[in-house]
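First the structure, in the form of structure tokens, and then the observations on it.
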Amino acid sequence: MLDQYAVIGNPISHSQSPRIHALFAQQTGQSVQYSALLAPLDSFPITVFDFINKGGRGANVTLPFKLQAHQLATRLTERASCAQAVNTLTFENNEIIGDNTDGIGLVNDISRNLAVNLASKRILLIGAGGASRGVILPLLQQKPLLLTITNRTFDKAEALQQQFQSYGNIHARSLDHFIDQSFDVVINATSASLQNTFPDIPVNVFAVDALAYDMMYSKEPTAFLKFAQQSGVNHLSDGIGMLVEQAAESFYIWRNVRPETKPVIALLKSQ
Ligand code: NDP
């Protein structure tokens with residue numbers, strides 16, 4: 001029998017994870033079966049335990065259960081503990097180990113696939129929800145010159161500054177603070193693109209040769225990426241590479257084998 005893995009969420013039918021992991025398994029010759037599990041909104045723990053009882057070895061967790069997965073884990077990695085959110089569960093020796101690979105997925109996509117070295121860069125992170133919380137520690141570990149975080153609801157950005165200030169140079173600034181400041185990397189970690197809109201930032205936030213990165217991905221360029229392009233930015237990326245890179249890190253945690261991500265990203269982009 002193949003080793004069983006799954007992605008658990010609600011909704012889940014749109015998830016690309018089964019496809020990505022099938023491509024990784026094929027590429028690396030690992031005997032893995034990866035399925036999508038719809039958990040009822042009030043029954044995430046039951047779904048997890050049921051999967052463990054059926055022989056599940058690990059699971060990815062997506063919206064809206066990352067917080068519950070954090071609570072369910074019996075052991076957490078440092079990055080999951082800092083993020084207070086878990087997207088990767090490993091079931092081992094009667095333990096549920098929680099990890100968060102979203103941040104390293106973003107960092108690997110920017111540094112390896114987009115060839116932008118984050119060390120000494122000025123980074124602007126827009127948004128203070130779960131995705132933002134998950135990427136702050138891995139971003140600070142790249143030793144940027146500064147990481148500025150902003151959010152529509154400013155209190156949440158301030159809370160993240162306080163939580164992470166011992167890890168590096170992080171500052172919270174309100175959205176109306178960027179009249180004369182520019183950044184080398186501007187990351188949209190809001191869900192505004194889902195509403196086909198973008199955060200209220202001035203064009204000058206993009207430095208010459210800046211990278212504009214939207215964690216969301218879609219067939220058409222997102223509203224944020226269109227705004228960046230109209231502001232003169234040439235280096236644009238959506239979050240499809242992050243999605244594949246976070247999956248690769250989960251695959252590595254479970255199988256101790258690193259899949260090649262570039263062909264998988266190219267395939268998803270082409271379709
Ligand atoms: P949350 O719901 O936790 O947070 C949403 C954030 O977006 C908040 O900061 C919220 O601000 C802000 N926001 C929402 N609408 C607007 C708006 N119209 N203008 C300005 N700010 C707005 O979502 P997540 O953090 O979990 O996800 C954020 C995005 O990241 C999603 O698009 C998601 O798809 C993407 N993502 C991509 C991944 C990948 O692998 N590529 C992985 C994880 C997430 P406020 O606090 O004021 O409400």
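Counting convention: from 1, in listed order, for ligands and their atoms alike.
Within a 4.0 Å radius of atom 15 (N) of ligand 1, the protein contributes at least one heavy atom.
Annotation: side chain of Leu118 is in contact with side chain of Ile123 (closest heavy-atom distance under 4.5 Å). Contact check for Asn188 versus Tyr213: no side-chain heavy atoms found under the 4.5 Å cut-off. Residues Asn113 and Glu245 meet the side-chain proximity criterion, which asks for heavy atoms closer than 4.5 Å. A 4.5 Å side-chain heavy-atom check between Glu249 and Asp99 finds every atom pair outside the cut-off. The closest side-chain heavy-atom distance from His21 to Val7 is not below 4.5 Å.
With a 4.0 Å heavy-atom cut-off, ligand 1 is reached by the side chain of Thr197 but not by its N, CA, C or O. Of the heavy atoms in Tyr217, only side-chain atoms (C-beta onward) come closer than 4.0 Å to ligand 1. Using a 4.0 Å cut-off between heavy atoms, Gln195 contacts ligand 1 through its side chain alone, with no backbone atom that close.
Among the atoms of Thr153, some N or O lies under 3.5 angstrom from an N or O of ligand 1. For Gly130, a nitrogen or oxygen atom sits less than 3.5 Å from a nitrogen or oxygen atom of ligand 1, counting backbone and side chain alike. Between Leu63 and ligand 1, no pair of N/O atoms sits closer than 3.5 Å. Taking distance alone, with nitrogen or oxygen atoms compared against 3.5 Å, Gly127 stays at or beyond that limit from ligand 1. For ligand 1, the polar-atom distance check against Phe198 finds no nitrogen or oxygen pair separated by under 3.5 Å. Remark: ligand 1 and Ser191 share an N or O pair separated by less than 3.5 Å (distance only, no angle test).
Salt bridge status for Lys66 with Asp102: present, with a side-chain N to carboxylate O gap under 4.0 Å.
Using a 4.5 Å cut-off between side-chain heavy atoms of Ile, Leu, Val, Met, Phe, Trp and Tyr, Phe49 falls into a hydrophobic cluster with Ile8, Leu37, Leu41, Phe44, Val48, Phe51, Ile52, Val61, Phe65, Leu72, Leu76, Val86, Leu89, Phe91, Ile96. Listed by chain and number, the hydrophobic cluster partners of Leu67 come to none, as no ILVMFWY side chain reaches under 4.5 Å of it.
Of the protein's heavy atoms, Thr190 O, 3.4 Å lies nearest to atom 29 (C) of ligand 1. When hydrogens are left out, the protein atom nearest atom 26 (O) of ligand 1 is Ala131 N, 3.7 Å; that is the closest non-hydrogen contact. Closest protein heavy atom to atom 37 (C) of ligand 1: Met215 O, 3.4 Å. Atom 34 (O) of ligand 1 has Met216 CG, 4.0 Å as its closest protein atom, hydrogens excluded (heavy atom only). Regarding atom 4 (O) of ligand 1, its nearest protein heavy-atom neighbour is Gly129 CA, 3.5 Å. Looking from atom 11 (O) of ligand 1 to the surrounding protein, the closest heavy atom is Asn151 OD1, 3.3 Å.
To the nearest 0.5 Å, atoms SG (Cys82) and CD1 (Ile136) are separated by 9.5 Å. Considering CE of Met215 and CG of Asp238, their distance stands at 12.5 Å, rounded to 0.5 Å. Rounding to the nearest 0.5 Å places CG of Asp214 at 10.5 Å from CE of Met242. Rounding to the nearest 0.5 Å places NZ of Lys121 at 10.5 Å from CG of Leu145.
Assignment of Ala128 to the shell around ligand 1 is supported, since a heavy atom sits closer than 4.0 Å. Residue contact check for ligand 1: Ala189 places a non-hydrogen atom closer than 4.0 Å to it.
Between the choices Arg152, Lys66, Met242, Glu245, the shortest heavy-atom distance to atom 48 (O) of ligand 1 belongs to Arg152.
Short contacts between ligand 1 and Gly239, defined as distances under 4.0 Å to a heavy atom of the residue, involve ligand atoms 41 (N). Proximity to Lys156 (heavy-atom distance under 4.0 Å) selects the following atoms of ligand 1: 45 (P), 46 (O), 48 (O).
Under the 4.5 Å side-chain contact rule for hydrophobic residues, Val32 and Leu23 do not share a cluster.
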